[in-house]
Amino acid sequence: MRKTEKICIGCPAGCHLEITVREDGSLQIAGNTCRRGIAYAENEMRDPRRVVTAVVHCSSERLPCIPVRTDQALPVKLIEPLLRRLYSMKVCAPVRAGDILIRDFEGSGINVVFTRDSEP
């Protein structure tokens, strides 16, 4: 058995969860005060995901870096490859907020979009 502690972000309560992974792979979850804690713990242990925010270099003189983000939560194992790719890119202005920079990253179905307009 393996124990892990997490602070739940499923609701404002911020419960301190104790998650035990049993030898058969099932989870025992303690410390939650609502059902969201159970769902949060299961997702964190089986398929952790995060929305990724970053900046990419831009040809604009007024805005040398443009903020971007994933349009959905990305599996944690894909975050490092995504950041490596983003930080090696340079885009040409103009771009519009909502435009897609990377479509279907690594076959995940998740896009990277601009979150701000940029003029040349």
Next item on the list: Check the pair Leu101 / Val113 against side-chain contact (heavy atoms from CB on, under 4.5 Å), numbers first and verdict last.
Entry: CA-CA 5 Å; Leu101 173 61; Val113 297; over 6 Å; no

Next item on the list: Search all heavy atoms of Asp117 against all heavy atoms of Arg96 and return the closest pair with its distance.
Entry: OD1-CA, 3.2 Å

Next item on the list: Could I get the full list of salt bridge (charged side-chain N to carboxylate O under 4.0 Å, His left out) partners for Asp47, not counting sequence neighbours?
Entry: Arg49

Check: Is Met89 linked to Leu74 within one hydrophobic cluster, defined over Ile, Leu, Val, Met, Phe, Trp and Tyr using a side-chain heavy-atom separation of less than 4.5 Å?
Finding: yes

Margin query: Going by side chain to side chain donor-acceptor pair (under 3.5 Å), name the pairs with one or both residues in residues 76-91, residues two or more places apart or in two chains.
Written below: Glu80-Arg84

Item checked: Residues forming a salt bridge (charged side-chain N to carboxylate O under 4.0 Å, His left out) with Arg36, sequence neighbours excluded -> none

Item checked: Partner residues of Asp104 under the side chain to side chain donor-acceptor pair (under 3.5 Å) criterion, sequence neighbours left out -> none

Note to self: Keeping Asn43 on the side-chain end and Pro48 on the backbone end, is there a donor-acceptor pair under 3.5 Å?
What the structure shows: no

Next item on the list: Could you state whether Phe105 and Val55 fall into the same hydrophobic cluster, counting links through intermediate Ile, Leu, Val, Met, Phe, Trp or Tyr residues with side-chain heavy atoms under 4.5 angstrom apart?
Entry: no

Next item on the list: Over all heavy atoms of both residues, which pair between Ala13 and Thr33 is shortest? Give the atoms and the distance, please.
Entry: CB-OG1, 4.3 Å

Next item on the list: Just jot down the side chain to side chain donor-acceptor pair (under 3.5 Å) partners of Glu42, sequence neighbours excluded, or say none.
Entry: none

Check: Can you list the residues that meet the side chain to side chain donor-acceptor pair (under 3.5 Å) rule with Asn32, with sequence neighbours excluded?
Finding: none

Item checked: Thr115 side chain vs Pro67 backbone, donor-acceptor pair below 3.5 Å -> yes

Next item on the list: Report the residues that fulfil side-chain contact (heavy atoms from CB on, under 4.5 Å) with Arg35, sequence neighbours left out, ordered by chain and then residue number.
Entry: none

Next item on the list: Please check if Val76 and Ile102 belong to a single hydrophobic cluster, counting links between Ile, Leu, Val, Met, Phe, Trp and Tyr side chain heavy atoms closer than 4.5 Å.
Entry: yes

For residues 14-25, which side-chain N or O atoms pair as donor and acceptor with protein atoms under 3.5 Å away, sequence neighbours left out?
from	atom 1	to	atom 2	distance (Å)
Arg22	NH2	Gln28	OE1	3.2
Asp24	OD1	Ser26	N	2.9
Asp24	OD1	Ser26	OG	2.7

Notebook entry, point to check: Honestly curious: do Val51 and Ile7 fall in one hydrophobic cluster under the side-chain, below-4.5 Å linking rule?
Noted result: no

Checklist line | Stepwise side-chain contact (heavy atoms from CB on, under 4.5 Å) test for Thr70 and Leu82 | finding: CA-CA 10 Å; Thr70 55; Leu82 175 61; 3.7 Å; yes

Notebook entry, point to check: Which residues pass the side-chain contact (heavy atoms from CB on, under 4.5 Å) test with Asp71, sequence neighbours left out?
Noted result: Ile110, Asn111

Check: Under the salt bridge (Lys or Arg N to Asp or Glu O under 4.0 Å) rule, what pairs show up with a residue in residues 7-17, not counting sequence neighbours?
Finding: none

Using distance only, find each side-chain donor-acceptor pair of residues 56-66 under 3.5 Å and give its atom names and separation, not counting sequence neighbours.
from	atom 1	to	atom 2	distance (Å)
Ser59	OG	Ala93	N	3.0
Ser60	OG	Arg62	N	3.3
Ser60	OG	Leu63	N	3.2
Ser60	OG	Glu119	O	3.0

Next item on the list: Report whether Leu83 and Ile100 are members of the same hydrophobic cluster (ILVMFWY, side-chain heavy atoms less than 4.5 Å apart, transitive linking).
Entry: no

Next item on the list: Could you list the residues that satisfy side chain to side chain donor-acceptor pair (under 3.5 Å) with Arg116, not counting sequence neighbours?
Entry: none

Check: Minimum heavy-atom separation for Ser108 to Leu78, with atom names?
Finding: CB-CD1, 4.1 Å

Next item on the list: Look up atom CD in Glu44 and atom OG1 in Thr4, then write down how far apart they are to the nearest 0.5 Å.
Entry: 10.5 Å

